[in-house]
Amino acid sequence: GTCVADNAEITKNLLEMYGRDDWILRRNFRVFLRRTGLSALPRDAPILDLGCAMGHLILLLQREGFRSVTGLDAAPEMVEAARRLTGAEILLGDATACDRLAPAGAFDAVIVSDLVHHIDQEAGWDALLGACWTVLRPGGLLALREPWPTLALRLLYWMSRYRIFYVGPLRARLQSFVDEDRLLRHFFAHWPGTYRERLARHGFLVTADESALVHRLTSCRKGAA
């Protein structure tokens with residue numbers, strides 16, 4: 001149930017996908033920050049980005065004036081890249097055990113973006129939500145962003161079967177559907193029907209929940225345990 005680093009193929013493709021100044025990525029992140037309420041937080045709010053990859057979301061937060069953003073990732077390559085890109089504190093570790101790396105109540109917000117579907121056991125999902133609850137202050141914000149079986153995502157999934165579509169910025173994105181097929185199939189089979197109940201069970205109150213292109217954006221506040 002732990003969130004170990006991805007295999008070499010997934011990590012290599014993610015490094016390629018996030019290794020360029022990509023307007024699609026920037027746009028999607030801006031929508032995420034706005035729709036989840038992250039953009040409205042005070043600029044000195046301590047924020048933890050779990051599964052931060054190469055740090056592009058942290059960089060966007062920094063450009064918006066946030067001064068206290070910490071990242072965490074399980075892949076040493078990602079941690080090194082995120083440190084170079086952002087200059088922020090980037091921790092190497094297991095997101096499902098982030099409460100062992102940070103004090104209880106240390107953060108005003110925790111970001112879980114494109115992370116849950118990389119955890120292939122439901123016990124890991126529960127461990128992640130429990131750890132997030134611990135490191136958040138009372139009333140703190142949990143912002144989740146995960147792939148969702150929208151029409152746009154199903155179209156991309158279909159396109160990933162045909163190499164003719166593997167051009168430009170689409171190449172790495174389509175390859176991700178191939179590399180992560182097992183993970184995504186497990187995620188889509190179990191997460192969409194259970195995530196609201198899971199969040200409630202771990203003491204989170206959903207305040208906003210909507211689909212945007214190929215993702216589901218969910219905002220929660222830490223309530224009672």
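The basis for the numbers below is simple: all heavy atoms, side chains too, and nothing from hydrogens, waters or symmetry mates.
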Legend entry - Minimum-distance pair of heavy atoms, taken over all atoms of Gly93 and Leu72: O-CD2, 3.3 Å

Inset, instruction - Measure the shortest side-chain to side-chain distance between Pro147 and Phe188 over non-hydrogen atoms and say whether it is less than 4.5 angstrom. - result: yes

Inset, instruction - Indicate the atoms forming the closest heavy-atom contact of Ile58 with Cys52, along with that distance. - result: CD1-CB, 4.0 Å

Legend entry - Side chain proximity check, Val167 to Arg171, heavy atoms < 4.5 angstrom: no

Legend entry - Test side chain to side chain contact (heavy atoms under 4.5 Å, CB included) applied to Phe204 and Cys132, step by step: CA-CA 10 Å; Phe204 288 106; Cys132 290; 4.2 Å; yes

Inset, instruction - Find out whether Val135 and Val110 are in side-chain contact, i.e. whether some heavy atom of one side chain is under 4.5 Å from a heavy atom of the other. - result: yes

Inset, instruction - First locate atom CG of Asp179, then atom CG of Leu184, and finally report the distance between them rounded to the nearest 0.5 Å. - result: 10.0 Å

Inset, instruction - Answer with yes or no whether the hydrophobic clustering places Leu59 together with Leu115; edges join I, L, V, M, F, W, Y residues whose side-chain heavy atoms lie under 4.5 Å apart. - result: no

Legend entry - Which atom of Phe32 lies closest to which atom of Leu217, heavy atoms considered: CD1-CD2, 3.8 Å

Inset, instruction - Take Phe165 and Trp158 through the ring-ring contact (aromatic ring centres under 6.0 Å, His included) test and state the conclusion after the steps. - result: CA-CA 10 Å; Phe165 296 115; Trp158 173 82; 5.7 Å; yes

Inset, instruction - State plainly whether one hydrophobic cluster holds both Leu92 and Leu85, where clusters connect Ile, Leu, Val, Met, Phe, Trp and Tyr through side-chain heavy atoms under 4.5 angstrom apart. - result: no

Inset, instruction - Taking the side chain as every heavy atom from C-beta outward, state whether Leu213 and Asn28 have any pair of such atoms under 4.5 Å apart. - result: yes

Inset, instruction - Looking only at non-hydrogen atoms, find the nearest pair between Ser113 and Phe29 and report the distance. - result: OG-CE2, 4.0 Å

Legend entry - Rounded distance [0.5 Å steps], CZ in Arg161 versus CZ in Phe177: 13.0 Å

Inset, instruction - Look only at the side chain of Gln62 and the backbone of Thr86, and say whether a donor-acceptor pair between them is shorter than 3.5 Å. - result: yes

Inset, instruction - Decide whether Asp126 and His202 meet the rule of one side-chain donor and one side-chain acceptor closer than 3.5 Å. - result: yes

Inset, instruction - Examine distances only and state if a side-chain atom of Lys222 and a backbone atom of Gly140 form a donor-acceptor pair shorter than 3.5 Å. - result: no

Inset, instruction - State yes or no: do Trp133 and Leu136 share one hydrophobic cluster built from I, L, V, M, F, W and Y residues joined by side-chain heavy-atom distances below 4.5 Å, directly or via other members? - result: yes

Inset, instruction - For Tyr166 and Ser160, indicate whether the former's side chain and the latter's backbone hold a donor-acceptor pair under 3.5 Å. - result: yes

Legend entry - Close side-chain approach of Ile119 and Thr96, heavy atoms under 4.5 Å: yes

Inset, instruction - Taking the side chain as every heavy atom from C-beta outward, state whether Tyr162 and Leu174 have any pair of such atoms under 4.5 Å apart. - result: no

Inset, instruction - Might you work through the side chain to side chain contact (heavy atoms under 4.5 Å, CB included) test for Leu141 and Phe107, ending with a clear yes or no? - result: CA-CA 9 Å; Leu141 172 66; Phe107 297 98; over 6 Å; no

Could you give the side-chain donor-acceptor pairs of residues 39-48 under 3.5 Å, partners two or more places apart or in another chain?
| unit_1 | atom_1 | unit_2 | atom_2 | d |
| --- | --- | --- | --- | --- |
| Ser39 | OG | Glu64 | OE1 | 3.4 |
| Arg43 | NE | Glu64 | O | 2.9 |
| Arg43 | NH1 | Ser39 | O | 2.6 |
| Arg43 | NH1 | Leu41 | O | 2.9 |
| Arg43 | NH2 | Ser39 | O | 3.4 |
| Arg43 | NH2 | Glu64 | O | 3.4 |

Legend entry - Test side chain to side chain donor-acceptor pair (under 3.5 Å) applied to His117 and His186, Arg185, Glu146, the passing residue: Glu146

Inset, instruction - Tell me, with the steps shown, if Arg100 and Asp94 meet salt bridge (Lys or Arg N to Asp or Glu O under 4.0 Å). - result: CA-CA 9 Å; Arg100 300 176 191 170; Asp94 180 354; over 6 Å; no

Legend entry - Pair Arg216 + Glu210: basic N to acidic O under 4.0 Å: no

Inset, instruction - Kindly compute the distance separating CG (Leu128) from SG (Cys98), expressed to the nearest 0.5 Å. - result: 7.0 Å

Legend entry - Check: Trp148 ring centroid to Tyr195 ring centroid under 6.0 Å: yes

Legend entry - Check: Arg221 side chain, Leu205 main-chain N or O, donor-acceptor pair, under 3.5 Å: no

Legend entry - Under 3.5 Å donor-acceptor, Ser219 side chain and Thr36 backbone: yes

Legend entry - Donor-acceptor contact present, side-chain Asp73 to main-chain Ala53, <3.5 Å: yes

Inset, instruction - Report the distance from atom CG of Leu129 to atom CZ of Arg198, rounding to the nearest 0.5 Å. - result: 8.0 Å

Inset, instruction - Would you indicate whether the side-chain heavy atoms of Val214 and Leu156 approach each other to under 4.5 Å? - result: yes

Legend entry - Flag, side chain of Arg154 to backbone of Pro149, donor-acceptor distance under 3.5 Å: yes

Legend entry - Atom pair CD1/CE of Ile164 and Met159 - distance to nearest 0.5 Å: 10.0 Å

Inset, instruction - Show the numbers, then the answer: is there a side chain to side chain contact (heavy atoms under 4.5 Å, CB included) between Asp209 and Arg196? - result: CA-CA 10 Å; Asp209 191 27; Arg196 278 181 164 270; 3.3 Å; yes

Inset, instruction - Measure the spacing between CG of Asp49 and CG of Leu60 and express it to the nearest 0.5 Å. - result: 11.0 Å

Inset, instruction - Apply the test side chain to side chain contact (heavy atoms under 4.5 Å, CB included) to residues Leu142 and Thr218: give CA-CA distance (whole Å), side-chain angles for both, the deciding distance (0.1 Å), then the verdict. - result: CA-CA 8 Å; Leu142 174 64; Thr218 306; over 6 Å; no

Inset, instruction - Identify the heavy atoms of Leu144 and Cys220 that sit nearest to each other, and give their distance. - result: CD1-SG, 4.0 Å

Legend entry - Any side-chain heavy-atom pair of Glu180 and His118 under 4.5 Å: yes

